Colleague: 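If you scroll down you'll find the structure; I have some questions about it.
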Amino acid sequence: MIDTIFSFLLGLVCGGLSVSACWGLFWLVLASVGLAKGTSSWKVVRASVIAGAIPAALLGVVGASMDPARVGTWPFVCGVLALPVLLIGLGLRRLPDGTRVAGRLLGGVQMMKDTMLGHHHACGGCGDEHHHHEAS
């Protein structure tokens with residue numbers, strides 16, 4: 001019984017660290033593209049590296065220190081899947097104004113992505129090649 005609970009908790013930790021590492025990698029890609037375009041700074045890239053590298057390193061430490069036979073057990077797999085399922089469930093909840101949490105999150109991600117990539121909102125999302133301040 002204790003071994004089953006430990007496997008589940010270990011899977012839960014691995015699932016959470018995996019989600020965090022992927023989230024950091026997502027922002028690292030966007031920040032790197034923004035840096036290449038000149039619309040983002042090294043500070044954003046550095047923060048994205050840290051946001052992905054720390055959970056990835058911790059996941060590596062946990063993975064290296066655990067018994068490989070534990071990975072295929074059902075409690076471990078249930079633990080790994082628990083956090084993504086929980087996040088999906090929380091994303092489907094409605095806020096007091098009637099919108100869903102996931103919609104708000106995606107809207108915030110879109111706004112941050114547009115800011116880092118230099119898209120303009122006033123003209124439908126054009127990029128740097130369109131200069132609004134120049135007279136036609």
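Keep in mind it's a predicted model, so treat the numbers as computed, not measured.
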Colleague: Do V80 and W74 belong to the same hydrophobic cluster, where Ile, Leu, Val, Met, Phe, Trp and Tyr are linked whenever their side-chain heavy atoms lie under 4.5 Å apart, directly or via other members?
Modeller: no

Colleague: I'd like to know if L35 and L117 are part of one continuous hydrophobic network [Ile/Leu/Val/Met/Phe/Trp/Tyr, side-chain heavy atoms within less than 4.5 Å].
Modeller: no

Colleague: Say whether I5 and L10 are linked into one hydrophobic cluster, either directly or through other cluster members, by side-chain heavy-atom distances under 4.5 angstrom.
Modeller: no

Colleague: Considering residues at least two apart in sequence or located in another chain, which fulfil the side-chain contact (heavy atoms from CB on, under 4.5 Å) criterion with V71?
Modeller: M66, F76

Colleague: If you round to the nearest 0.5 Å, how far is CE of M111 from CG of D114?
Modeller: 9.5 Å

Colleague: If hydrophobic clusters are built from ILVMFWY residues whose side chains come within less than 4.5 Å, do V33 and V109 share one?
Modeller: yes

Colleague: Checking P75 now: which residues fulfil side-chain contact (heavy atoms from CB on, under 4.5 Å) with it, not counting sequence neighbours?
Modeller: T4, S7, F8, T73

Colleague: Under 3.5 Å, side-chain donor or acceptor atoms of residues 41-52 against the rest of the protein: list the pairs with distances, not counting sequence neighbours.
Modeller:
residue: S41; atom: OG; partner: K43; partner atom: N; Å: 3.4
residue: S48; atom: OG; partner: W27; partner atom: O; Å: 3.4
residue: S48; atom: OG; partner: V44; partner atom: O; Å: 2.9

Colleague: Among pairs that include at least one residue of residues 59-71, which meet salt bridge (Lys or Arg N to Asp or Glu O under 4.0 Å), considering only residues two or more places apart or in two chains?
Modeller: D3-R70

Colleague: Rounded to the nearest 0.5 Å, what separation is found between the CG atom of L17 and the SG atom of C22?
Modeller: 11.0 Å

Colleague: Which residue pairs pass the salt bridge (Lys or Arg N to Asp or Glu O under 4.0 Å) test with at least one member in residues 48-62, sequence neighbours excluded?
Modeller: none

Colleague: According to the salt bridge (Lys or Arg N to Asp or Glu O under 4.0 Å) rule, which pairs have a member within residues 5-27, sequence neighbours left out?
Modeller: none

Colleague: Clusters formed by hydrophobic residues whose side-chain heavy atoms approach within less than 4.5 Å: which one holds V85, and what are its other members?
Modeller: none

Colleague: Going by side-chain contact (heavy atoms from CB on, under 4.5 Å), name the residues that satisfy it together with S18, two or more places apart in sequence or in a different chain.
Modeller: L59

Colleague: In Å and rounded to the nearest 0.5 Å, what is the CG to CD1 distance from L9 to I2?
Modeller: 10.0 Å

Colleague: Listing request: all salt bridge (Lys or Arg N to Asp or Glu O under 4.0 Å) pairs with a residue in residues 88-105, at least two apart in sequence or in separate chains.
Modeller: D97-R104

Colleague: Applying side-chain contact (heavy atoms from CB on, under 4.5 Å), can you list everything that pairs with A56, at least two apart in sequence or on another chain?
Modeller: A21

Colleague: Using links of under 4.5 Å between side-chain heavy atoms of ILVMFWY residues, direct or through other members, which residues join L81 in one cluster?
Modeller: V77

Colleague: So if you build clusters from Ile, Leu, Val, Met, Phe, Trp, Tyr with side-chain heavy-atom gaps below 4.5 Å, do I54 and L28 land together?
Modeller: no

Colleague: Using a side-chain heavy atom cutoff under 4.5 Å and only I, L, V, M, F, W and Y, what cluster partners does L90 have?
Modeller: V19, L83, L86, L87

